[in-house]
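Take a look at this one; I'll ask things after.
Side-chain atoms are counted along with the backbone in the values below, which use heavy atoms only and exclude waters and symmetry mates. Every chain is numbered from 1, with letters handed out A, B, ... down the list of sequences.
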Protein chains: 2
Amino acid sequence: MKRNPKTEESAIPQTHPEPDDKDREILKLLQENARMSVTEIASRVHLSPTPVHERIRRLEEWGVIRQYATLLDAQKLDKGLMVICYVSLKQHDKKAGLKFIQAINGLNEVVECYSISGEFDFMLKVLAKDMAGFYDFHVNRLSQVENLGHVQSVFVMGVIKQTHKMLF
Amino acid sequence: MKRNPKTEESAIPQTHPEPDDKDREILKLLQENARMSVTEIASRVHLSPTPVHERIRRLEEWGVIRQYATLLDAQKLDKGLMVICYVSLKQHDKKAGLKFIQAINGLNEVVECYSISGEFDFMLKVLAKDMAGFYDFHVNRLSQVENLGHVQSVFVMGVIKQTHKMLF
DNA sequence: ACTGAAAGACACAGACT
DNA sequence: AGTCTGTGTCTTTCAGT
């Protein structure tokens, strides 16, 4: 169990950023519906609204809650094609890496980017309207990025599962 | 412009599930903060609360809005390791595929699964506490799935970008 | 489709246990 | 750390334009 490092000897556990079981119950509910009212959460976790409110405030403060997001339907918003792009860089020094990261953050089509193990340096998840849209992205936007080595693309033919749930 | 196919000749455009510019402005705001009040959205898109409320209701009904989700911090909830797993199946008939999909949906560690082009059949995004946790998942959960062929894992060393934004 | 008004529910803060 | 109570704001509905 983590202890607050403020006073080394404190045997009394102080308030520290470890969500307890009630916090987790609250997070489970919010995970599925960010708009659930504090009142309803309270009744489901068998607490009154005030402590629930305070717990949520703390979870936000600790950064356990990153964002209240609205998830949209890609198909219905002209983003029906998902492509996984593997890219390697020509140069691997720190400065080149940072420039690449900056470039990626400027590409709205790239919704995720990870530094990965293996023969490629990065994995990108790209959303496009269709194949023509992806081709345009590839040729006019991605290929223009400095220091780019090889690119290999894997096309997503179907979504089997897609969730953000970490707690059950 | 799409028209309602109910009556083939209807020249009058009926209400149809195409978000207009105001809808998109609302979606842009909700995308970033699912808890933004209707009142505040209204003031930002220069409308009164009532039509904003009605537009949001329609966007939910059309399925453009999939979910109001709370995104949590994986690191702070013992899910600090992300692994991309490529898997191929032994048999590729429809029945075998459906059984695989069912099995994947039962694995909480798998947060995303896509059917992909290339030598593998599926790509999985897996969250685990650490390498020991992933090993446990691999040996005791994933490998137990029926009809599983090869598995190849790519480890995520760093998150460069992670968003769900489709509108800008 | 939007405006304005009106009811009910909720968030949030305070005093108390 | 939680309950109870009150106030102001927001959501939500409805009649009207």
*Look at the rings of B:Phe134 and B:Phe137 and say which category their plane angle falls in: under 30° parallel, 30 to 60° tilted, over 60° perpendicular.*
tilted
*asked:* Can you tell me if A:Thr39 touches the phosphate of C:dA9, counting only side-chain N or O atoms and a distance under 4.0 Å to OP1 or OP2?
replied: no
*May I ask you to check whether A:Tyr68 and B:Glu32 show a side-chain donor-acceptor distance below 3.5 Å?*
no
*Name the closest nucleotide to the A:Pro51 side chain, picking from C:dA11, C:dC2, D:dT3.*
D:dT3
*Whole-Å distance between D:dA1 P and A:Asp21 CG?*
15 Å
*Roughly how far apart are B:Met82 CE and A:Glu112 CD, rounded to 0.5 Å?*
7.0 Å
*Assign a letter to each nucleotide of nucleotides 12-17 of chain D from its 5' end: B, base within under 4.0 Å of a protein heavy atom; S, sugar-phosphate only; -, no contact.*
SBB---
*Can you tell me the distance, in whole Å, between the CG atom of B:Leu59 and the P atom of C:dA1?*
12 Å
*With distance as the sole test, does A:Lys165 use its side chain to make a donor-acceptor pair with the main-chain N or O of A:Gln31 at under 3.5 Å?*
no
*asked:* What is the distance, to the nearest angstrom, from the CD1 atom on B:Ile26 to the P atom on C:dC2?
replied: 9 Å
*Please determine which of A:Val110, A:Leu124, A:Val126 meets the side chain to side chain contact (heavy atoms under 4.5 Å, CB included) test together with A:Leu142.*
A:Leu124
_Rounded to the nearest 0.5 Å, what separates atom CZ in A:Arg24 from atom CG in A:Asp21?_
7.5 Å
*Mind calculating the distance between CG (A:Leu30) and C1' (C:dA11) to the nearest angstrom?*
14 Å
_Value in whole Å for how far the P atom of C:dC10 lies from CD1 of A:Ile56_ = 14 Å
*What is the distance, rounded to the nearest whole Å, between atom CG of B:Leu47 and atom P of C:dT3?*
6 Å
*How long is the line joining CD of A:Glu54 and C1' of C:dG14, in whole Å?*
14 Å
*asked:* Measure CZ/A:Arg58 against P/C:dC12 and give the value in whole Å, please.
replied: 16 Å
